Amino acid sequence: MKISPFKIGLILIIIGIVWTVIIFDETGKKYDAVVLKESSSFQTKQEFSGIGIGYFKLYMPEFSGEEVFVQILDTKDNVIQEQMVQTKMSVGYFDFNEDGKYTMKITNIGKNPINLKTEFGNTNSQKMFASGIMIFVGAIIIMIVSYVKIKNYSIEQPEENIS
């Protein structure tokens, strides 16, 4: 039984995606749910080690135009990222380069209480390099096979002088 290059590319992409999902699922994350009253703040801390990319995700289930202000603080309480969030769900990324506890501080700047669900953690992007290359190689194989098939495909044209 002969396996086509298209199937090989598709298998590489699927394996790479599953591998990436497993790596991301194994990361350290912290989940919280909180109701923020007007002008109140909420903080959560997460331990990070090494050098990498961290992320935060905010979700407001009953969103009706509220605004929150998010700050990410490093181990010395310096602001490394800040963002105004005005959407139902928002994801932000930041770089970290030293070991220690990083803080996510969320402040309600609106006039109504906000029901908020948060996720704060590490993406483990350093470990995703091999799976990313596998997905890239699979995609290149599929593009090359598709190009060759399209290039060799011809369409019959009707004759112009039909009477």
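Every value quoted in this text rests on a predicted model; they were computed, and no experiment measured them.
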Practice problem: Would you please test Gln46 and Thr44 for side chain to side chain contact (heavy atoms under 4.5 Å, CB included) and show each step? | Solution: CA-CA 7 Å; Gln46 177 69 22; Thr44 185; over 6 Å; no

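Remark: Ile135 CD1 to Ile14 CD1 distance equals 11.0 Å, nearest 0.5 Å. Considering OG1 of Thr27 and NZ of Lys127, their distance stands at 9.0 Å, rounded to 0.5 Å. Rounding to the nearest 0.5 Å gives a distance of 7.0 Å between OG of Ser125 and CE of Met128. Rounding to the nearest 0.5 Å places CG of Asp32 at 10.5 Å from CD of Glu119. Interatomic distance, OG1 of Thr118 versus CE of Met104, reported as 4.0 Å (0.5 Å rounding). The distance from the CZ atom of Phe129 to the CD1 atom of Ile133 is 3.5 Å, given to the nearest 0.5 Å.
Considering Tyr102, Phe56, Tyr31, Phe48 in turn, Phe48 is the only one that fulfils the ring pair (Phe, Tyr, Trp, His ring centres under 6.0 Å) rule with Phe120. Partner of Met89 under the side-chain contact (heavy atoms from CB on, under 4.5 Å) criterion, out of Met60, Lys117, Lys57: Lys57 alone.
Cluster membership check: Ile141 does not share its hydrophobic cluster with Val148, using side-chain heavy-atom separations under 4.5 Å among Ile, Leu, Val, Met, Phe, Trp and Tyr. Under the 4.5 Å side-chain heavy-atom criterion for Ile, Leu, Val, Met, Phe, Trp and Tyr, Ile80 and Tyr55 are members of distinct hydrophobic clusters. Hydrophobic cluster membership differs between Phe6 and Ile150, with clusters built from Ile, Leu, Val, Met, Phe, Trp and Tyr side chains linked at under 4.5 angstrom. Criterion: ILVMFWY side-chain heavy atoms under 4.5 Å apart, direct or through other members. Under it, Ile15 and Ile142 are part of a common hydrophobic cluster. Ile106 and Met84 are not part of a single hydrophobic cluster, where members link through side-chain heavy atoms under 4.5 Å apart.
Between the side chain of Thr20 and the backbone N or O of Ser131, no donor-acceptor pair lies under 3.5 Å. No donor-acceptor pair closer than 3.5 Å links the side chain of Ser90 to the backbone N or O of Leu58. Of the possible polar contacts, one joining the Asn108 side chain to the Asn112 backbone as a donor-acceptor pair under 3.5 Å is found. Although no hydrogens or angles enter the test, the distance criterion places no donor-acceptor pair under 3.5 Å between the side chain of Ser40 and the main chain of Leu36. Remark: the backbone N or O of Gly50 is paired with a side-chain donor or acceptor of Asp99 at under 3.5 angstrom.
Annotation: cation-pi pair Lys29/Phe24 present, NZ/CZ under 6.0 Å from the ring centroid and within 45° of its normal.
By the neighbour-count criterion of 12 heavy atoms within 6.0 Å, atom CZ of Phe63 is densely surrounded, having more than that number from other residues, nucleotides or ligands.
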Show the atom names and distances, to 0.1 Å, of all donor-acceptor pairs under 3.5 Å that link a side chain in residues 66-74 to residues at least two apart or in another chain.
unit_1: Glu66; atom_1: OE1; unit_2: Ser64; atom_2: N; d: 2.9
unit_1: Glu66; atom_1: OE2; unit_2: Ser64; atom_2: OG; d: 2.8
unit_1: Glu67; atom_1: OE2; unit_2: Gln86; atom_2: NE2; d: 2.0
unit_1: Gln71; atom_1: NE2; unit_2: Glu82; atom_2: OE1; d: 3.3
unit_1: Asp74; atom_1: OD1; unit_2: Lys76; atom_2: N; d: 3.0
unit_1: Asp74; atom_1: OD1; unit_2: Asp77; atom_2: N; d: 3.2
unit_1: Asp74; atom_1: OD1; unit_2: Asn78; atom_2: N; d: 2.8

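What you find for Lys45 and Lys30 is that their closest heavy atoms are O-CD, 3.4 Å. Counting all heavy atoms, side chain and backbone alike, Pro113 lies closest to Val35 at CB-CG1, 4.3 Å. Considering all non-hydrogen atoms of both residues, Lys105 and Ser41 come closest at CE-OG, 4.1 Å.
Judged by distance alone, the side chains of Gln81 and Tyr93 never bring a donor and an acceptor atom under 3.5 Å apart.
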